[in-house]
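Quick notes on the structure that follows.
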Amino acid sequence: MSAPEPARPSLPPWMTPTNLLRVSVAVALLTIALKMAAWWVTDSVSLLSDALESFVNLAGAVFALAMVTVAHRPADDCHPYGHHKAEYFSSGFEGILILGAAVAIVWAAGLRLLQPQPVQAVGWGLGLSLASTACNALLAWGMLRAARVHRSAALEGDARHLLTDVWTSVGVVAGLLAVRATGWLWVDPVVAIGVALNILREGARLLWSASQGLMDEAMDPALLARVQQVLQTHADASGGAVVFDDLVSRRAGARNHLDLHMHLPHDWTLGQAARERRAVERALVHAVPGLRATIALLPRDHTTVFETLQARREQQQQEEKKVEERRS
């Protein structure tokens with residue numbers, strides 16, 4: 001059962017995932033121009049590494065925009081549960097791009113570390129880099145806020161990558177200031193390598209998050225706690241007449257799916273059972289926005305074939321465990 005979602009926290013009407021990713025593409029183009037100009041005037045390998053990451057930002061934003069467009073397509077005969085998981089491909093793709101950029105940065109920084117070169121026009125380079133950093137920071141803040149409201153994995157992935165870019169740029173600026181103050185040319189490539197290690201961590205995190213979503217990871221524990229509270233409330237209100245079990249959940253992008261059994265007294269009419277299920281469905285959707293819940297109605301003390309098989313498996317596992325304990 002799928003029902004309308006309750007009202008979400010207010011955002012300006014234009015702050016949809018699609019519009020924000022379009023803005024992200026434009027900002028990526030702007031920051032590429034600013035950072036490439038900063039590298040050109042300074043010949044700093046750390047600024048070059050920062051500029052390379054902006055190319056990753058651009059590719060990631062374009063792919064995220066494409067995947068969000070796919071994710072918003074309605075369900076069809078081939079995809080009856082919708083296309084929400086498309087957003088995970090965006091996070092995974094961006095993670096791969098980040099890893100590639102990190103390798104390229106380490107390579108360039110290693111060559112410069114072997115053959116240090118003076119950094120020129122540091123003032124101009126710092127100014128251009130700080131301007132691009134301000135653009136990314138402002139956009140990342142807006143995207144994270146919208147990602148929480150729209151529950152968009154693609155939007156959150158792009159926003160967190162932009163935040164990584166912000167901290168990268170801050171590190172680069174600090175490194176250039178250190179070079180200017182001390183004259184130590186080796187600081188520039190060392191900072192670049194530090195930048196690479198930082199974005200390498202972010203790339204690995206995005207890949208892990210995407211893989212968990214594609215493997216039908218369970219709902220967030222906080223949301224599952226809300227579900228359990230709703231079910232317990234209805235069970236208590238029925239005086240023990242209603243029992244819930246076999247609850248399983250999964251996430252698919254912005255959508256949460258829930259399957260469970262609701263056991264009812266044998267003498268309840270079909271109308272009574274339907275009204276009780278509708279009340280539970282309404283409470284679940286109110287507690288977890290975007291939830292799609294499927295509740296199977298069963299009489300009390302009745303088990304399905306799947307439940308019987310599961311019980312047999314658990315019993316067999318317990319017997320095998322006892323045998324192993326005796327042997328040890």
Side-chain angles (χ1 to χ4, degrees), residues 21 24-25 27-28 31-32 34-36 38-39 42 44-64 67 87-116 119 125 129-130 132-133 135-137 139-141 143-144 147 153-179 184-215 217:
L21 287 170
S24 182
V25 171
V27 170
T31 56
I32 286 173
L34 291 172
K35 290 181 179 181
M36 289 301 290
W39 164 67
T42 62
S44 164
V45 71
S46 59
L47 282 175
L48 174 61
S49 69
D50 206 12
L52 287 175
E53 191 183 357
S54 293
F55 279 100
V56 176
N57 289 348
L58 175 61
V62 170
F63 192 76
M67 290 300 98
E87 292 196 23
Y88 294 123
F89 290 104
S90 170
S91 295
F93 178 73
E94 194 154 359
I96 292 172
L97 289 179
I98 291 174
L99 297 181
V103 172
I105 292 169
V106 169
W107 177 263
L111 294 177
R112 181 59 63 88
L113 191 59
L114 295 175
Q115 296 179 342
V119 178
S129 180
L130 288 174
S132 65
T133 300
C135 294
N136 281 336
L139 178 59
W141 175 79
M143 291 176 73
L144 274 178
L155 199 61
E156 181 182 1
D158 201 47
R160 294 198 178 281
H161 185 197
L162 285 176
L163 282 178
T164 300
D165 195 25
V166 169
W167 290 114
T168 294
S169 299
V170 170
V172 168
V173 168
L176 289 177
L177 289 174
V179 171
W184 296 340
L185 300 182
W186 56 266
V187 172
D188 183 41
V190 166
V191 168
I193 293 174
V195 166
L197 294 177
N198 181 47
I199 67 174
L200 188 68
R201 178 181 59 83
E202 182 66 16
R205 192 197 67 81
L206 284 176
L207 278 175
W208 173 257
S209 176
S211 69
Q212 293 304 295
L214 290 172
M215 290 194 299
E217 186 179 25

Review point. Hey, does V106 have a side-chain heavy atom less than 4.5 Å from the side chain of L200?
Key: no
Partner of D158 under side-chain contact (heavy atoms from CB on, under 4.5 Å), picked from L163, L144, L21, L139, is L21
Report task. Apply side chain to side chain contact (heavy atoms under 4.5 Å, CB included) to the pair L207 and L99, showing each step before the final yes or no. Result -> CA-CA 10 Å; L207 278 175; L99 297 181; 3.4 Å; yes
Ring pair (Phe, Tyr, Trp, His ring centres under 6.0 Å) with [X]: which residues, sequence neighbours excluded?
| X | value |
| --- | --- |
| W107 | none |
| F63 | F93 |
| W184 | W186 |

Residues in side chain to side chain contact (heavy atoms under 4.5 Å, CB included) contact with [X], at least two apart in sequence or another chain:
| X | value |
| --- | --- |
| L34 | L30, L128, A131, S132 |
| L58 | V25, A28, L29, I32, V62 |
| S129 | L47, D50, T133, S169, V173 |
| A59 | L97 |

L155 and A147 have their tightest heavy-atom pair at CD2-N, 3.6 Å
